[in-house]
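When a ligand or atom number is given, it counts from 1 through the structure's own listing order.
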Amino acid sequence: MDRIPFNRPHATGREFDHIRKAIDNGHLSGGGRFAQRCEAWLETRTGTRRALLTPSCSSALEFAALLAGIGPGDEVVMPSFTFVTTASAVVLRGGVPVFVDVRPDTLNLDESLLEDAVTPRTKAVFAVHYAGVGCEMHAVRETAASCGAMVVEDAAQGVMASFRGHALGSIGDLGCISFHETKNVICGEGGALLVNDEQLIERAEILHEKGTNRTKFMRGEVDRYTWVDLGSSFMPSEVAAAFLWAQLESADEITAQRLAIWRAYHDRFEALEEREAIRRPIVPDQCSHNAHMYYLLLPDRQRRDRVIARLADAGIEAVFHYVPLHSSPAGRRYGRAATPMDVTDSASDRLVRLPLWIGLTDTDIDRICRGVENAIA
Ligand SMILES: *Cc1c(COP(=O)(O)O)cnc(C)c1O
């Protein structure tokens with residue numbers, strides 16, 4: 001029987017045409033026509049003030065940390081249950097990740113713990129929208145505002161998802177998105193920074209252009225351009241942007257197809273949940289998700305590991321998620337835990353992610369579900 005991989009990157013079929021056009025246009029570095037189209041699309045679809053493409057979400061997070069003015073000793077509150085670069089973006093500026101536990105339902109940062117985690121050194125809160133399901137952004141923003149901290153959304157998994165009608169990534173001061181091949185809308189490696197706070201736009205454009213005022217120069221606002229601030233190579237190539245444009249054009253279709261697969265899993269596993277053999281993902285009413293991920297929570301680590309092993313035996317690749325950062329070697333060296341981490345540790349032990357990619361057939365889904373059912377029986 002064919003192996004079912006955990007992920008298979010989806011192409012719409014128009015990527016080659018767009019890349020050829022980019023070559024014909026004679027502009028392959030950052031800031032070309034496709035990059036501008038992608039940024040305009042993101043601005044329209046998310047409602048952000050300014051979208052800037054980046055080479056990855058990790059670089060968007062580093063870009064955000066620079067813009068947020070995070071410096072040595074500054075603290076940034078974030079969940080421990082997240083990807084490495086949420087934290088490393090802060091550490092690269094000399095900042096200290098302060099880890100908090102997540103909510104048992106969404107596995108997002110537990111907003112009720114924020115107040116206890118902030119200190120006079122808190123410079124920002126990095127809110128991660130796990131599985132494309134939004135954090136309680138109103139509460140996050142309120143607590144951050146009460147101590148003068150910025151809110152940066154790690155919306156790496158959040159393209160096409162929203163919280164109370166607002167696109168993920170467009171709610172905090174800054175938002176970071178990923179177009180990595182494992183995400184919903186992709187270009188291999190890619191990302192974007194959403195600049196929602198108008199006051200940060202001018203500086204963001206300078207940092208994006210390697211710390212120069214080239215953007216102003218291109219608009220004819222200054223007669224030459226020069227080095228004026230910090231910055232880095234924060235623009236992806238036009239080849240990546242051309243690929244991405246093909247995907248953004250199909251973003252609604254991609255999301256609908258993923259949601260159909262997500263729904264098929266969700267319906268099928270209802271019976272197992274009723275028997276309390278598993279827990280399915282919980283999506284609060286105020287969240288519209290994007291089917292980034294389908295995961296199950298098993299009662300304990302042993303049973304989770306058995307599901308992964310049995311699926312592997314059946315040629316199906318299912319994976320766990322997030323070794324918590326607070327107990328990782330670098331997390332202990334560079335950060336600290338501000339709260340007990342019971343939910344984080346438990347989720348990390350009990351969670352299994354199932355294959356979810358466009359092209360997965362009903363037969364595949366049935367085979368995967370039977371694999372899970374057999375492992376549990
Ligand atoms: C994927 C991911 C990232 C990193 O995105 P890249 O584009 O691969 O750099 C960061 N944070 C979260 C929560 C992610 O899921």
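Remark: of the listed residues R280, R279, R268, R280 is the sole one forming a salt bridge (charged side-chain N to carboxylate O under 4.0 Å, His left out) with E273.
Comparing D154, V84, L61 by heavy-atom distance to atom 13 (C) of ligand 1, the nearest is D154. Residue F83 holds the heavy atom nearest to atom 10 (C) of ligand 1 of all those in Y130, F81, F83, F179. Across the listed options K183, E189, H292, Q157, K183 owns the non-hydrogen atom lying nearest to atom 1 (C) of ligand 1.
Within the 6.0 Å centre-distance limit, the rings of F163 and H138 are counted as a close aromatic pair. Aromatic ring centres of F34 and F243 lie farther apart than the 6.0 Å criterion allows.
The ligand atoms of ligand 1 that sit less than 4.0 angstrom from a heavy atom of G190 are 7 (O). Against a heavy-atom cut-off of under 4.0 Å, S178 is close to the following atoms of ligand 1: 5 (O), 6 (P), 7 (O). Every atom of ligand 1 with a heavy atom of H180 under 4.0 Å away is listed here by number and element: 7 (O), 8 (O). Set against the non-hydrogen atoms of S56, the atoms of ligand 1 under 4.0 Å away are 7 (O), 9 (O). Taking every non-hydrogen atom of T85 and a distance limit under 4.0 Å, the qualifying atoms of ligand 1 come out as 4 (C), 10 (C). With ligand atoms numbered from 1 in the order given, ligand 1 contributes 4 (C), 6 (P), 9 (O) to contacts under 4.0 Å with heavy atoms of S58. Every atom of ligand 1 is numbered from 1 in the order shown, and the set under 4.0 Å from a heavy atom of V128 is 13 (C).
At a threshold of 4.0 Å, the pair D229-R203 counts as salt-bridged, since one of the basic side-chain nitrogens sits closer than that to a carboxylate oxygen. Ion pairing between a basic and an acidic side chain is recognised when a charged N comes within 4.0 Å of a carboxylate O; E205 and R214 show no such pairing.
Every residue meeting the ring pair (Phe, Tyr, Trp, His ring centres under 6.0 Å) condition with Y265, not counting sequence neighbours, appears here in chain and number order: Y294. For N184, the side-chain hydrogen bond (donor to acceptor under 3.5 Å, both in side chains) partners are R258, H292, not counting sequence neighbours.
The shortest contact between atom 5 (O) of ligand 1 and any protein heavy atom is with C57 CB, 3.2 Å.
When heavy-atom distances to ligand 1 are checked against a 4.0 Å cut-off, A156 comes that close only through its side chain, counted from C-beta outward. Contacts with ligand 1 closer than 4.0 Å are made by side-chain heavy atoms of Y322 only, the backbone lying farther away.
Remark: distances from the non-hydrogen atoms of S59 to ligand 1 are all 4.0 Å or more.
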task: Run the numbers on T339 and D101 for side chain to side chain donor-acceptor pair (under 3.5 Å), then give the verdict.
output: CA-CA 6 Å; T339 67; D101 207 358; 5.3 Å; no
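In terms of heavy atoms, I171 sits closest to A167 at CG1-O, 3.7 Å.
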